[in-house]
A.B. asks: 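I have a structure I would like to understand better, so I am pasting it below and will then ask my questions one at a time.
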Amino acid sequence: MERLQKAIAEAGVTSRRKAEQFILAGKVKVNGKVIQELGYKVDEKDRIEVEGVPITKEKKVYFLLNKPREMISSVSDEKHRKTVVDLIPCKERIYPVGRLDYDTTGVLLLTNDGEFANILMHPSKEVEKVYIAKIKGILKGEAIKELKQGVLVDGQKVKAERVKVRKIDPKKNTSMVEISIHEGKNHQVKKMFESVGYEVLKLKRERISFFDLTGLKSGEYRPLTPKEIAKVFALKKKEKKHEK
Ligand code: URA
């Protein structure tokens, strides 16, 4: 059973907020009866109509994209610039699972399955996100320690699970650093480095959990395999067992 507005949004008809407006305006029928209650529960057997048009459930789709630089990771842009969604031609209303900055490259998952997105994004699931940051300066041991112990980002303490210097270039005065985090706050990696006194010059997400960029050039994408999708849902089951 799910809420009526969620069922409408998941069918790809409109956003959840607009679905709520349709319901309140008396434009939604369930099994032939007008329903104006927002929390009304429906299941697959219920026949839902929006402005007289029956809705059919949208097929769930899942993609892995190697996001190029200079591209927005949202569904639409007010300045009508290209977004990551434009790179994947499909009729379903997909959206990115979390965001990468305009100038950040690498692993980006896209789907129309809210539950799948939530498993990967929710901090309680502790899904690992691995980034490679090119930073200005030679990263000092003290800064690594601070990043691992936790630093303040937008008033909240966040920490790196792992920090490893992969390469340093003393001539150019830069370091390539691997950093692994669990949360997905806006500009988190850049802000974490900033808080310990370093500027991020380039950023790439190399991995989310077991999803990496193998076989994908910049701008290329592939559908996820049924096995990969099942593995993500298995992360949720593990969590439930912990709760018992
Ligand atoms: N952290 C950032 O600072 N930027 C991103 O795009 C992703 C994580």
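Just so you know, ligand 1 is whichever comes first in the structure, and atom 1 is the first atom listed for that ligand. For the numbers below, each heavy atom of this structure counts, side chains included, while hydrogens, waters and symmetry mates do not. All of these numbers come straight from a predicted model, not from anything done at the bench. For the single chain, residues carry numbers from 1 onward in sequence order.
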A.B. asks: Run the salt-bridge test on Arg162 and Glu128 with the 4.0 Å N-O cut-off and return the result as yes or no.
C.D. replies: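 Yes, Arg162 and Glu128 are salt-bridged.
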A.B. asks: Using a threshold of 4.0 angstrom between heavy atoms of the protein and any atom of ligand 1, which residues qualify?
C.D. replies: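 Protein residues near ligand 1 are Leu100, Asp101, Thr104, Tyr131, His187, Gln188, Val189, Lys190, Leu203.
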A.B. asks: On the six-membered ring of Phe210, is Lys231 placed so that its NZ or CZ lies under 6.0 angstrom from the centre and within 45° of the ring axis?
C.D. replies: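 Geometry flag: set, cation within 6.0 Å and 45°.
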A.B. asks: Check ring pair (Phe, Tyr, Trp, His ring centres under 6.0 Å) between Phe22 and all other residues, then give those that pass, not counting sequence neighbours.
C.D. replies: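 So Phe22 forms no ring pair (Phe, Tyr, Trp, His ring centres under 6.0 Å) with any residue.
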A.B. asks: From the options Gln188, Lys185, Lys191, select the one residue that forms a side chain to side chain donor-acceptor pair (under 3.5 Å) with Asp154.
C.D. replies: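 So, applying the side chain to side chain donor-acceptor pair (under 3.5 Å) to Asp154 and each of Gln188, Lys185, Lys191, only Lys191 qualifies.
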A.B. asks: For Phe63, which residues count as a ring pair (Phe, Tyr, Trp, His ring centres under 6.0 Å) partner, sequence neighbours excluded?
C.D. replies: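 Residues passing ring pair (Phe, Tyr, Trp, His ring centres under 6.0 Å) with Phe63: Tyr221.
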A.B. asks: List the residues meeting side chain to side chain contact (heavy atoms under 4.5 Å, CB included) with Leu24, not counting sequence neighbours, and say none if there are none.
C.D. replies: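 Counting only residues at least two positions away or on another chain, Leu24 forms a side chain to side chain contact (heavy atoms under 4.5 Å, CB included) with Leu38.
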